[in-house]
Structures are given as C-alpha cells and as structure tokens.
S.K.: 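Please find one structure pasted underneath; my questions will follow.
Scope of the values below: all heavy atoms of this structure, side chains included, with no hydrogens, waters or symmetry mates.
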Amino acid sequence: MSKQKTAISPTREENYPEWYQQVIKAADLAEASAVRGCMIIKPWGYAIWENMQRQLDDMFKATGHTNAYFPLFIPLSYFEREAEHVEGFAKECAIVTHYRLIPGPDGGLIPDPEAKLDEPLIVRPTSETIINEAFSRWVQSYRDLPILMNQWCNIVRWEMRTRLFLRTSEFLWQEGHTVHATKEEAIEETHRMHEVYARFAEDFCAIPVIKGPKTSSERFPGAEDTYTIESMMQDRKALQAGTSHFLGQNFAKVFNIEYSDADGKLVKAWTTSWGMTTRMIGALVMTHGDDDGLVLPPKLAPHHVVIIPITFKSDNPEAIVEYCNTLRDALQGTMYDGKPIRVHMDQRDMRGGDKIWSWVKKGVPIRIEVGQRDMDADSVFMARRDKSPKDKAGVPRAEFLANAVSILEEIQNKILEKAKAFRAEYTRVIDDKEEFYDFFTAKSKDPQRPEIHGGFALTHWSGSEEVEKQINKDLSVSIRCIPMEGQMDNCHEPGVCPFDGGESPQRVLWAKSY
RNA sequence: CGGGGUGUAGCUCAGCUUGGUAGAGCGCGUCGUUCGGGACGACGAGGUCGCAGGUUCGAAUCCUGUCACCCCGACCA
C-alpha cells in the first residue's frame, strides 16, 4: 500500500461524520453488531470506559453515594404514573410481552401465545420509576434521609438513527437517584453532581464544558430543572455530556415518597437524578481526535506508555527485551495521577510500521521505541501523541524516566487548552438576527454535504418558546443551556432579544447539537 | 412512518442491462527477500451469490414475493 499522509481517511475537513466512524474503527474502540443500533464495545473502547467508571465512581463515593442495582425490566404500570415521563420515553421503549418460545408454522420460533405476560414489562430507558417505587418503601422517617444512590447499568432507548457511542439503542451509563427532606437539599444535590460532571469532563476527559440549566423545552421528562454540561466538538456542534435533574416532588408524588418529620407531620420528599454515559467516549474522539486517529487524555488512557522493542537488527534481541523490561519496571514504579504509570510492552510478531501506527491510531500518549542503537547509548526513542507522528527523538533513559510524569501532565493540560482555544475561536456574541442566521448557514453549494460551519452563539433571549421553535425549525439550532454565572464572559448583563425584541436577563448559548 | 438505495469470500466491492463451470483488492496462512515510519514476490485456504417461489435445457443475472440493513427527513444521552 502506498504511504498516506494521514492515518485516517477521509480527514475531518473532508468528511467529518465519516472521519468519526473511521477513527473508531482504526482505534478498535467498537463496531456495529448484528442487532440494529447496538454496538459491540471492543477491549480498547471498554478499557477507556472502565477508566471513566473508576474515576466517576470515586467521585460519587467521595460525595457520599453508594452503589446498588435495580432490575432491567420495569412494570408498565410503574412507568405510566408520571405523565411527562411517559410522554418523553413512550416512543422509544422496548417491551417484553412473552416469556416462552414455541416452534412456529414456518419452522422458526414464535412467542407462545399461551405465555403472554399479564402485564408487559418495559426494558428500562431510565430507572426513575422503579427506583423511586423502592424508595417509597424505604423512606418512613426523616431519619432515613437523604438516600444517595447510584447504579451502573445498561439502558435501552429505541432510537431511529444511531451512531456508535453518540446514539445507540442500548448504552452503558450510571444513573444517580437521591431523595431529600427539603427542596433546598435536593437542589444542592443537583448542583453538586452537576459540578462533579463538569470537573470530571475538564480534569479527566480534558473536555471544556459550559454549565447551565436547560430551557423548559429541553428539560428531562418529569424534571423541574435540568442542568447540563455542553461541549463543542471539532465540527463545532454541541454535545450534551452529562445532566443533573432536580425532579421536585413529581416522582415523590406519584410514587408516594413520604416521611414523618421531627414534629411527626407527614411530608412529601424531594428527589434528583443524574447520569453520564458511554457517549463520553464519542466526545473524547470528537474533541481530541486528529487525522491520525484517536488522541487520549493520559488520565483515561488504558496505556500511558507503549514500549516497542526493535530487535530484528540486533545480534542480541534478548538483551533489548531485557532493557525494555527494566524500563517498564521503572515506569511502573512511578506514580502518575495517584496510580502507577500504565505501561504496555508490544512484542507482537508484526512489521514495525504497522505496529507503530496501530498505537498512533489508538491514541496512546507516549510511545517508546528501543533498538540496539538506543540500548548502546542507554537512551530511548520517544514520540508523543500530542505532537506530529514524525516528531520523535532519542532521549537518555534517565532523563525520560525523570520526565515521564511531567510529560503526561503536559499532554493532559495541552489537549485541554487546545480544546478551550478551539471553542473560543468558534464562539460568537451575536446581537443581530441576520448575523445569527448567517452564522448558522452553510455556504457550500451541496446541501447534502455542508462544510463545517457555525459554532456557539451567545444571544439575548426573551424566554419565548416560539422563538426557540422557529429557530430550531429554520436552522436546526437549539438553546443548549443558559450559561451559569462565571461560565462565559459577556453573558450576564440584561439586554434585548434580537428575535422578538423582548427583554432578556442574560445571554443564552445556541448551537447545532448531537 | 414518508423518499432513495443495497444484500455476492472475514472486509470493501465488480459481475446482472445482453442467462452458459464464481471474480478482484484488502485481510488471513506458509516460504523467501526485506524491515529504525504504513514492504515485495511465490504459493495457498476461503463463497449453497439475503431467503422463498417461478420462468428456463441451464439463473448471481429475468419475474414475483419476502426479510434485513444503509442513507435523507420527524424523535433523542
């Protein structure tokens, strides 16, 4: 095969959606399965998810939460209780109606009509209903509160159009569910977990996010308030990376979560829920990936360092392997982010070029090649994933060992800064309707293949749902969130809505979204 | 559910209009020459052409039915 300029074809510029698919394939993260809309998460993709899980789980534990597990199936009658919740999820539910198969007339298997369930079960699209039903039995006294619970599980939402990691019919996530004695405590919890997500995104995924509440039309079905973190992908579209919901007393009412307070009065409780999903892996791809494949933030990379012994030219390959072994041991004895550096020795029997590129495409932060020459000079040949694949050089072994941690830290910081700069470049404060429409309109001739355009727009907004609807219809642009204090500059002064001239307390964030 | 398209080797696809013994590239295996940035050669393994009917001496190819998937719209973490 002839040498290509980039490892991934097409490039982001040429065809962004196709680039995304190719990166996932090249990095061996996941593949489509025989089941429509469901993906097979392969070991490299799953290892990233495990690192996310471990980190988030620590953060949940540190904020007082415990894990539990609730059933995959939810009785239809539970699900029916909260009207808005039903309206939001009924259109995309998988339903179990039978529990036995029998041979059919055409030789295949069919559901046994005799084995029809009295009450259909739905496969959970989210677990508020079944968890709050349990909570209603667990909560009797103010002494039982708060309940701070989380579960790691899979859920099913029967999506029409799917894309690996971003939108699949089945996906993995965590869902936190809490019950509180007072409104204030529940709101505080909602904000606490919102903040946990933002910190996780920025400090671990190196994905800068904008925090804020959703408008009422974008809220979680059944919530009083939904708080989101929104990030900008490299095609300048917004991705909702995590949400935290203040559910008020909506679920407490329909599931009858009541407790006796200190005065012996019977009081309704307040609940929250919050979730983050495997979509985050898609966010990593689209935030940091380049035309050579995935770029992983070191804190989440399954391997921090890959060591490739180059032995074919040596009289003494065993010595090189041994030299690599001691290098690996030394690295593993070094702590990064509170844990030993994760090192992988790649001794697969394959050609050097293929081997090296496979790690470039997988996004490993540091690559080390060691051949006879390096060993003789007591040095290593190092390449960093945040630099060009060709930008690599020999460094003395001792120097590399001394600097390994700071290089990982530097890569982690650098990709976050790069993402922040990208977002800043394509975020615009707009006060004029025409300019807004122009900003979000592609200039390319072929409407099937619009060029990468638009970004984040900050405008005033009167609060009108009509305006929201019209803009969504015209441009497929929506309000991603109402940025909170301190999230963006020039955002929190009152002004005039450029769409209907109404008064506006602050600017809101508009974008096309996933 | 509307509009468009595709089912042939592990993968990507050609062959179909005009019926006549199943093809290519990549990948895979063995051997050789190579190899400090995506090698090359030789040989080899691998397919009841989505499924069911029909037409025909003969069907991947024509006809009918059916199933699945993909793309574009409405819905979504």
S.K.: Does D112(A) have any salt bridge (Lys or Arg N to Asp or Glu O under 4.0 Å) partners at least two apart in sequence or in another chain, and if so, which?
M.R.: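 So D112(A) forms a salt bridge (Lys or Arg N to Asp or Glu O under 4.0 Å) with R100(A).
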S.K.: Pick the nucleotide of RNA chain B nearest each of P221(A) and A383(A); which residue has the one closer to the 5' end?
M.R.: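 Going by which nucleotide is closer to the 5' end, it is A383(A).
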S.K.: Can you tell me, in whole Å, how much space there is between the P of rG7(B) and that of rA14(B)?
M.R.: 6 Å
S.K.: Between S358(A) and S169(A), which has a closest nucleotide on RNA chain B that is more 5'?
M.R.: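 Per heavy-atom nearest nucleotide, the more 5' residue is S358(A).
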S.K.: Using a heavy-atom cut-off of under 4.0 Å over every strand shown, decide if R163(A) touches base, sugar-phosphate, or nothing.
M.R.: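 No contact.
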S.K.: Below the 4.0 Å mark, does rC35(B) have OP1 or OP2 next to a side-chain nitrogen or oxygen of R351(A)?
M.R.: no
S.K.: Expressed in whole Å, how much space separates the P atoms belonging to rC13(B) and rC1(B)?
M.R.: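 These two P atoms come out 27 Å apart once rounded.
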S.K.: Between rG37(B), rG36(B), rG38(B), which nucleotide has the shortest distance from any of its atoms to the side chain of K361(A)?
M.R.: rG38(B)
S.K.: Minimum heavy-atom separation for T178(A) and F135(A), please, with both atom names.
M.R.: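 So the two residues come closest at N-CE1, 4.4 Å.
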S.K.: Round to a whole Å and report the spacing from CG of D28(A) to P of rG27(B).
M.R.: 16 Å
S.K.: Round to the nearest Å and state the distance from D292(A) atom CG to rG37(B) atom P.
M.R.: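 After rounding, the gap between these two atoms is 16 Å.
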S.K.: rA24(B) pairs with which nucleotide, Watson-Crick or G-U wobble, both distances below 3.5 Å?
M.R.: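 WC or wobble partner is rU12(B).
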S.K.: Identify whether any heavy atom of G371(A) sits under 4.0 Å from a base atom; if not, whether one sits that close to sugar-phosphate; answer base, sugar-phosphate or nothing.
M.R.: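 It contacts base atoms.
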S.K.: Using the six-membered base ring of rA77(B), report whether W173(A) stacks on it, requiring centroids under 5.5 Å and planes under 30° apart.
M.R.: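 No, W173(A) does not stack on the base of rA77(B), since the centre distance and plane angle fail the 5.5 Å and 30° test.
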S.K.: Determine whether more than 12 heavy atoms belonging to other residues, nucleotides or ligands lie under 6.0 Å from atom CD of E87(A).
M.R.: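 Not buried by this count: 12 neighbours or fewer within 6.0 Å.
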S.K.: In whole angstrom, give the distance that lies between atom OH of Y20(A) and atom P of rC71(B).
M.R.: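 Rounding to the nearest Å, OH of Y20(A) and P of rC71(B) are 14 Å apart.
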S.K.: Using atom P in both nucleotides, what's the gap between rA45(B) and rA52(B) to the nearest angstrom?
M.R.: 28 Å
S.K.: Using whole Å, what does the distance between atom C1' of nucleotide rA77(B) and atom CE of M52(A) come to?
M.R.: 13 Å
S.K.: Calculate the interatomic distance between D354(A) atom CG and rA39(B) atom C1'; express it in whole Å.
M.R.: 9 Å
S.K.: Across the strands shown, which category fits K473(A) at heavy-atom distances under 4.0 angstrom: base, sugar-phosphate, nothing?
M.R.: nothing
S.K.: In whole Å, measure the gap between the C1' atoms of rG50(B) and rA59(B) for me.
M.R.: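 To the nearest whole Å, 16 Å.
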S.K.: In this structure, how many angstroms lie between the P atom of rA77(B) and the CD atom of Q240(A), rounded?
M.R.: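 Checked: the CD to P distance equals 6 Å.
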S.K.: Using the P atom as the reference point in each nucleotide, state the distance between rC11(B) and rC28(B) in Å, no decimals.
M.R.: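 To the nearest whole Å, 15 Å.
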S.K.: Can we call the ring centroids of F60(A) and W274(A) under 6.0 Å apart?
M.R.: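 Between F60(A) and W274(A), the centre distance is under 6.0 Å.
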S.K.: Just checking K355(A): base, sugar-phosphate only, or nothing, at a heavy-atom cut-off of under 4.0 Å?
M.R.: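 Nothing, no heavy atom under 4.0 Å.
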S.K.: Among the nucleotides rG37(B), rG38(B), rG36(B), which one has an atom lying closest to any side-chain atom of I356(A)?
M.R.: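 The answer is rG37(B), which lies nearest to the side chain.
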S.K.: Of all the choices, rA39(B), rG36(B), rG37(B), which nucleotide is nearest to the side chain of V360(A) once you look at every atom?
M.R.: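 Ranking rA39(B), rG36(B), rG37(B) by closest atom to the V360(A) side chain puts rG37(B) first.
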S.K.: How is E159(A) classified with respect to the nucleic acid when contacts are heavy atoms under 4.0 Å: base, sugar-phosphate, or nothing?
M.R.: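 Result for E159(A) = base.
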S.K.: Could you tell me if the ring centre of F73(A) sits under 6.0 Å from that of F79(A)?
M.R.: no
S.K.: Could you measure between the two C1' atoms, the one in rG41(B) and the one in rG36(B), and give it in whole Å?
M.R.: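 Their C1' atoms lie roughly 24 Å apart.
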S.K.: rG58(B) and rA24(B): how far apart are their P atoms, nearest whole angstrom?
M.R.: 29 Å
S.K.: Assign L166(A) to base, sugar-phosphate, or nothing according to its heavy-atom contacts below 4.0 angstrom with the strands shown.
M.R.: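 Base contact - L166(A) has a heavy atom under 4.0 Å of at least one base atom.
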S.K.: Considering only rG36(B), rG38(B), rC75(B), which nucleotide approaches the side chain of E92(A) most closely?
M.R.: rC75(B)
S.K.: Could you give me the CA-CA distance, side-chain angles and deciding distance for R192(A) and E195(A), then say whether salt bridge (charged side-chain N to carboxylate O under 4.0 Å, His left out) is met?
M.R.: CA-CA 5 Å; R192(A) 181 181 302 117; E195(A) 181 56 34; over 6 Å; no
S.K.: Regarding F381(A), tell me which of base, sugar-phosphate or nothing describes its non-hydrogen contacts under 4.0 Å with the strands shown.
M.R.: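 Base, at least one base atom sits under 4.0 Å.
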S.K.: Which base, if any, makes a Watson-Crick or G-U wobble pair with rG7(B), both distances under 3.5 Å?
M.R.: rC67(B)
S.K.: Atom CG of D349(A) and atom P of rC35(B): how far apart are they, to the nearest Å?
M.R.: 17 Å
S.K.: When rounded to the nearest Å, what value does the distance between C1' atoms of rU12(B) and rU17(B) take?
M.R.: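 Rounded to whole Å, the distance is 24 Å.
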S.K.: Looking across every strand, which nucleic acid part, if any, lies under 4.0 Å from T226(A) by heavy atom: base, sugar-phosphate, or nothing?
M.R.: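 No contact.
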S.K.: Establish, yes or no, whether a centroid distance under 6.0 Å links the rings of Y16(A) and Y20(A).
M.R.: no
S.K.: Counting only Watson-Crick or G-U wobble pairs whose two distances fall under 3.5 Å, which nucleotide matches rA74(B)?
M.R.: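 Matched rA74(B) with nothing under the 3.5 Å cut-off.
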S.K.: Taking atom P of rG38(B) as reference, at what distance in whole Å does atom CD of E369(A) sit?
M.R.: 11 Å
S.K.: Look at the rings of F251(A) and F255(A) and say which category their plane angle falls in: under 30° parallel, 30 to 60° tilted, over 60° perpendicular.
M.R.: parallel
S.K.: For the side chain of K91(A), counting heavy atoms from C-beta on, which of rC75(B), rC35(B), rA77(B) is nearest?
M.R.: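 Looking only at heavy atoms from C-beta outward on K91(A), the closest nucleotide is rC75(B).
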S.K.: Give none if rA39(B) has no partner; otherwise give the nucleotide forming a Watson-Crick or G-U wobble pair with it, both distances under 3.5 Å.
M.R.: rU33(B)
